[in-house]
Amino acid sequence: MQQAIAVLDSGVGGLTVVKEVMRQLPREKILYFGDTARTPYGSRSAEQVVEFTREIVDYLVQFNPKMIVIACNTATAVALDDITSRVSVPVVGVIGPGARAALGRTRTGVIGVIGTEGTIRSGAYEAALNTLSGGSVQVVSRACPGFVPLVEDGNFRSERTQAIVESSLAPLRGKHLDSLILGCTHYPFLADAISEAMGPGVALISSADETAREIRSILERSGQLAEADGTPLHQFFCSGDPVKFREIAQTWLGEQIRLTPVVWQVPHLGA
Ligand code: DGL
């Protein structure tokens with residue numbers, strides 16, 4: 001049986017990575033887990049995010065995937081090394097790919113990063129950008145805790161959304177950025193609103209494209225790219241409201257999905 005690529009996020013955000021994986025690697029079977037019952041992760045402690053990420057990975061490992069993709073910046077920032085040491089398959093995060101994509105795009109070397117409180121607090125993007133550029137770029141970071149709830153509500157484009165986006169991004173204007181990393185996989189859902197707030201001179205950088213490229217190159221090197229013709233079956237799991245998840249996923253991906261609701265045995269709903 002064809003082994004799948006397992007992708008996880010705190011909610012619907014990782015679907016922005018899934019869409020790009022489907023586009024670049026249409027033969028690959030995908031398993032996706034959105035932990036919508038416990039989103040957002042961005043305001044939680046690093047310990048709790050590590051614990052939740054382990055639980056999702058333990059759940060996905062029962063399906064014998066050939067790779068795990070942590071399509072969540074918050075979880076990548078604090079749990080990538082932990083998960084890599086716990087499983088025997090390759091584990092891919094989204095921060096390295098996002099940083100590489102921004103460095104490939106910037107001309108002025110002034111790069112903005114927006115993300116959850118957890119991601120920004122971790123300093124993971126600054127570290128990746130500085131290491132990859134040899135310290136030659138200037139990084140301006142800002143946490144935008146209001147964005148993920150808008151996306152999980154499916155509220156991508158409204159006056160209220162635009163107002164929240166404008167006020168969250170106001171401190172970044174006038175900083176001479178030419179590129180802005182969407183350092184949370186939920187944020188591409190708000191790309192139009194973010195673009196309007198930042199103006200045409202700022203390129204929005206999503207890690208999805210570069211992450212899909214990294215997935216391809218790892219699978220290519222290990223001779224594990226899917227070969228079968230035809231459309232592979234994708235399977236989605238979510239721990240919260242399946243109606244909302246299905247609606248957002250199908251609209252974003254432009255296709256019907258197979259969705260299985262998952263009820264955690266021991267819910268951790270506290271912040
Ligand atoms: N999509 C996630 C990220 O990339 C998590 C957002 C959240 O749950 O706060 O950081």
Side-chain angles (χ1 to χ4, degrees), residues 7-21 32-57 68-80 83 91-99 101-102 112-126 128 141-156 164-165 168 180-191 194 204-212 214 236-241 244-245 248-249 252 264 268-271:
V7 184
L8 66 95
D9 179 48
S10 66
V12 297
L15 296 171
T16 59
V17 176
V18 163
K19 189 171 184 171
E20 196 51 36
V21 175
Y32 181 86
F33 196 110
D35 196 6
T36 46
R38 306 191 294 196
T39 197
Y41 280 10
S43 53
R44 295 180 182 277
S45 68
E47 292 71 27
Q48 201 167 36
V49 174
V50 171
E51 184 193 334
F52 289 179
T53 309
R54 284 181 180 180
E55 283 174 3
I56 301 173
V57 169
I68 308 270
V69 180
I70 304 181
C72 171
N73 292 265
T74 313
T76 299
V78 298
L80 181 63
I83 299 300
V91 181
V92 173
V94 283
I95 291 182
V113 181
I114 52 174
T116 66
E117 289 160 292
T119 299
I120 299 304
R121 192 174 51 231
S122 75
Y125 268 104
E126 281 89 340
S141 302
R142 177 145 181 91
C144 300
F147 290 8
V148 169
L150 291 174
V151 174
E152 289 292 332
D153 277 350
N155 193 358
F156 313 139
I164 292 173
V165 169
S168 304
L180 179 64
I181 297 177
L182 305 181
C184 170
T185 52
H186 282 72
Y187 295 178
F189 282 97
L190 301 176
I194 295 171
L204 303 189
I205 313 289
S206 145
S207 47
D209 182 44
E210 189 64 26
T211 302
E214 181 169 329
F236 296 78
F237 303 91
C238 74
S239 57
D241 178 3
K244 193 92 227 173
F245 184 92
I248 294 175
W252 181 255
W264 289 123
H268 300 266
L269 294 173

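For ligands, and for the atoms within them, numbers begin at 1 and follow the listed sequence. Here the structure is a predicted model, which is why all the values come from computation and not from measurement.
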Item checked: Nearest-neighbour protein heavy atom for atom 7 (C) of ligand 1, which is reported as residue plus atom name and distance -> Y41 N, 3.2 Å
Item checked: Part of T185 within contact of ligand 1 (heavy atoms, under 4.0 Å) -> both
Margin query: Quick test: of every protein heavy atom, which one is nearest to atom 1 (N) of ligand 1, and how far off is it to 0.1 Å?
Written below: H186 ND1, 2.7 Å
Item checked: Ring geometry between F147 and Y187 (parallel below 30°, tilted from 30 to 60°, perpendicular above 60°) -> perpendicular
Next item on the list: Just jot down the ligand 1 atoms closer than 4.0 angstrom to any heavy atom of G42, in number order.
Entry: 7 (C), 8 (O), 9 (O)
Margin query: So, taking the atom named CG in N155 and the one named CD1 in I248, what distance separates them when rounded to the nearest 0.5 Å?
Written below: 10.0 Å
Margin query: Before you tell me yes or no, could you show the steps for W252 and F156 under side-chain contact (heavy atoms from CB on, under 4.5 Å), namely the whole-Å CA-CA distance, both residues' side-chain angles and the distance that decides it to 0.1 Å?
Written below: CA-CA 11 Å; W252 181 255; F156 313 139; 5.8 Å; no
Note to self: Which residues pass the ring pair (Phe, Tyr, Trp, His ring centres under 6.0 Å) test with Y125, not counting sequence neighbours?
What the structure shows: none
Note to self: Please work out, at 4.0 Å between heavy atoms, whether the side chain, the backbone, both, or neither of S10 comes within that distance of ligand 1.
What the structure shows: side chain
Notebook entry, point to check: Which of the listed options, N73, T119, T39, holds the heavy atom that is closest to atom 4 (O) of ligand 1?
Noted result: N73
Next item on the list: To the nearest 0.5 Å, tell me how far E126 CD sits from I95 CD1.
Entry: 10.0 Å
Next item on the list: Check whether any side-chain heavy atom of P40 sits under 4.5 Å from a side-chain heavy atom of E152, and report yes or no.
Entry: no
Next item on the list: Could you tell me whether D9 approaches ligand 1 through its side chain, its backbone, both or neither, with non-hydrogen atoms closer than 4.0 Å?
Entry: side chain
Next item on the list: Please assess E51 against R38 for the test salt bridge (Lys or Arg N to Asp or Glu O under 4.0 Å), listing each intermediate value before the final yes or no.
Entry: CA-CA 12 Å; E51 184 193 334; R38 306 191 294 196; over 6 Å; no
Notebook entry, point to check: Which of the atoms in ligand 1, numbered in the order shown and given with their element, are less than 4.0 Å from a heavy-atom of C72?
Noted result: 2 (C), 3 (C), 4 (O), 5 (C), 10 (O)
Notebook entry, point to check: Under a 4.0 Å heavy-atom limit, does T74 contact ligand 1 with its side chain, its backbone, both, or neither?
Noted result: both
